[in-house]
Protein chains: 2
Amino acid sequence: MGSAKTKDKFRAFMLDKGLKSTRQREVILEEFLSVGSHLSTEELYLRLRRKNPRIGYATVHRTLKLFAECGIAEQRHFGDGQARYEASDLDEHHDHLICTSCGKIVEFEDPRIEQLQEKVARQHGFSIERHRLELYGCCESCR
Amino acid sequence: MGSAKTKDKFRAFMLDKGLKSTRQREVILEEFLSVGSHLSTEELYLRLRRKNPRIGYATVHRTLKLFAECGIAEQRHFGDGQARYEASDLDEHHDHLICTSCGKIVEFEDPRIEQLQEKVARQHGFSIERHRLELYGCCESCR
DNA sequence: CATCCAATTGAAAACGGATTTCAATTTAAT
DNA sequence: ATTAAATTGAAATCCGTTTTCAATTGGATG
């Protein structure tokens, strides 16, 4: 049932900002968390329409932005020109492997790489706020 | 005078594809190489207009795409919604540090990180074709 | 040099995803 | 129930990118 903790975080955020709880937001949150992967606004919108024909694209768009602002989702761009959102795993960070043939997206994490990133940044006088690492290539089943 | 080698590569590419050498292409190539950094189409267009008021945005756009196709330039996206092009240093690859405050872009290269990337990809059955690593943060002079 | 065909150009239109507008509706506090 | 403020959805707008098309240019040929 999605992460209850994530839902709590969103509800707290809404309360804090004086935002209202609506049927649409509940439905969108539920569907977003249950799918979990790297959805574009369009994809999520189409999914939601199957069960909720009256929901509007603009609402999905606005709600995803809310999720991102609240911190329970992150916006990504993988170079196909449209934004994608993924549920953020609260504390943990990860990067992506993307198959250029079938589009499969695999998440990974490597603290050694992160460490080296910090080092490089320090050498150039930067303090890192966030980073983006994407490896594009061909997955096993596509070969 | 830009890299003569780069110009040669572009000329060879044009010859090979049966494309024509035009005044516009020469001017655009010259300006692009002399500026070198991470230019958007718009920025390059405006620069060119200063000395060549009759040049069209579409031509700049198409020529930059030609550069990318030929391999003398690479298209990048740093999340501000517009494409940027940089001259590609033929053999060498590099990644980017981007200051979120002033927009400064610094290039770096770290073979240890690249090695670890290969390793991670292999573990997931991927063979890497290319990658993207960007570190966003705050540069020295902005603190 | 004159001619011709294909490539190129630039202005304007079209495109596509993201975002905003606005009147109607819904929420939730009173 | 009443009311003010937030929300919704359809449609319009925005903005960078890409394409269209008539006019121009490159360069190969006779």
Side-chain angles (χ1 to χ4, degrees), chain A residues 10-32 38-70 73-86, chain B residues 10-32 38-70 73-85 103:
Chain A
F10 185 56
R11 296 215 174 89
F13 172 82
M14 301 246 280
L15 212 60
D16 180 55
K17 297 272 181 178
L19 304 178
K20 291 176 177 172
S21 159
T22 69
R23 192 175 44 72
Q24 288 92 329
R25 285 178 176 163
E26 289 299 325
V27 171
I28 295 171
L29 178 59
E30 186 67 48
E31 182 73 16
F32 175 67
H38 306 81
L39 289 168
S40 66
T41 308
E42 178 77 14
E43 285 165 2
L44 184 54
Y45 167 64
L46 290 176
R47 268 175 173 279
L48 284 160
R49 279 257 293 223
R50 299 212 283 258
K51 299 203 167 176
N52 312 269
R54 341 212 49 206
I55 208 157
Y57 180 93
T59 302
V60 177
H61 168 75
R62 284 184 288 230
T63 305
L64 281 172
K65 276 184 47 173
L66 265 191
F67 290 172
E69 191 186 341
C70 155
E74 282 171 57
Q75 195 189 54
R76 306 254 178 213
H77 289 269
F78 293 127
D80 62 347
Q82 60 185 353
R84 293 178 176 282
Y85 290 85
E86 70 178 46
Chain B
F10 185 55
R11 296 215 173 90
F13 173 82
M14 301 247 280
L15 213 60
D16 179 55
K17 297 271 184 181
L19 303 177
K20 289 175 177 173
S21 160
T22 69
R23 192 176 43 74
Q24 287 91 330
R25 285 178 178 162
E26 290 299 324
V27 172
I28 295 170
L29 179 58
E30 186 66 46
E31 182 73 15
F32 175 68
H38 306 80
L39 288 168
S40 66
T41 307
E42 179 77 14
E43 286 164 1
L44 184 53
Y45 167 64
L46 290 177
R47 268 176 172 278
L48 284 160
R49 279 256 293 225
R50 299 213 283 258
K51 299 206 168 179
N52 311 268
R54 338 211 52 204
I55 209 157
Y57 181 94
T59 302
V60 177
H61 167 75
R62 284 184 289 231
T63 304
L64 281 172
K65 276 184 47 173
L66 264 192
F67 290 172
E69 192 187 340
C70 156
E74 282 171 58
Q75 197 190 52
R76 307 254 175 214
H77 289 268
F78 293 126
D80 62 347
Q82 60 186 350
R84 292 178 179 282
Y85 290 85

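Below, chains carry the letters A, B, ... as their sequence lines are ordered, and counting in each starts from 1. In this text the structure is predicted, and so the values were computed from the model without any measurement.
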- For A/Ile55 and D/dA10, what is the distance between atoms CD1 and C1' respectively, to the nearest whole Å? 14 Å
- Item | Residue met sooner reading DNA chain D from 5', once A/Thr59 and B/Leu19 are mapped to nucleotides | A/Thr59
- Query: Rounding to a whole Å, what distance do you find between B/Asp80:CG and D/dC15:P?
  - Reply: 14 Å
- Message: Is there a side-chain contact between B/Lys65 and B/Tyr85 in this structure, where contact means two heavy atoms from C-beta onward sitting under 4.5 Å apart?
- Response: yes
- Message: Under 4.0 Å between a side-chain nitrogen and a carboxylate oxygen: does that hold for B/Arg76 and B/Glu74?
- Response: yes
- Which of these nucleotides, D/dA11, D/dT19, C/dA18, is closest to any side-chain atom of B/Lys65? D/dT19
- Message: Any side-chain N or O of A/His61 below 4.0 angstrom from OP1/OP2 of C/dA18?
- Response: no
- Please report, rounded to the nearest Å, how far the P atom of C/dA29 is from the CE atom of A/Met14. 13 Å
- Query: Mind checking whether B/Phe78 and B/His38 have parallel, tilted or perpendicular rings, split at 30° and 60°?
  - Reply: perpendicular
- Task: Please tell me which of B/Tyr45 and B/Arg25 maps to the more 5' nucleotide of DNA chain C, matching each residue to the nucleotide holding its nearest heavy atom.
- Result: B/Arg25
- Message: Of the listed nucleotides (C/dG17, C/dA12, D/dG9), which one gets closest to any side-chain atom of A/Ala58?
- Response: D/dG9
- Query: Just how far, in rounded Å, is P of C/dG10 from CZ of B/Arg23?
  - Reply: 7 Å
- Message: What contact category does B/Ser21 fall into here, base, sugar-phosphate, or nothing, at under 4.0 angstrom with non-hydrogen atoms?
- Response: sugar-phosphate
- Atom CD1 of A/Ile28 and atom C1' of D/dT7: how far apart are they, to the nearest Å? 11 Å
- Could you tell me whether B/Arg11 and B/Glu26 have a side-chain N and a carboxylate O separated by less than 4.0 Å? yes
- Message: Please confirm whether the shortest side-chain N or O distance from B/Gln24 to OP1 or OP2 of C/dG10 is below 4.0 Å.
- Response: yes
- Message: Can you measure A/Arg62 atom CZ to C/dT19 atom P for me and round it to whole angstrom units?
- Response: 12 Å
- Message: Any side-chain N or O of A/Arg54 below 4.0 angstrom from OP1/OP2 of D/dA10?
- Response: no
- Report the distance from atom NZ of B/Lys20 to atom P of D/dG26, rounded to the nearest whole Å. 9 Å
- Task: Figure out the CG/P separation between A/Leu39 and C/dA18, and round it to whole Å.
- Result: 13 Å
- Message: C/dG17, OP1 or OP2 - any side-chain N/O from A/Tyr57 closer than 4.0 Å?
- Response: no
- Check the angle between the aromatic planes of B/Phe67 and B/Phe32 and answer parallel, tilted or perpendicular using the 30° and 60° thresholds. tilted
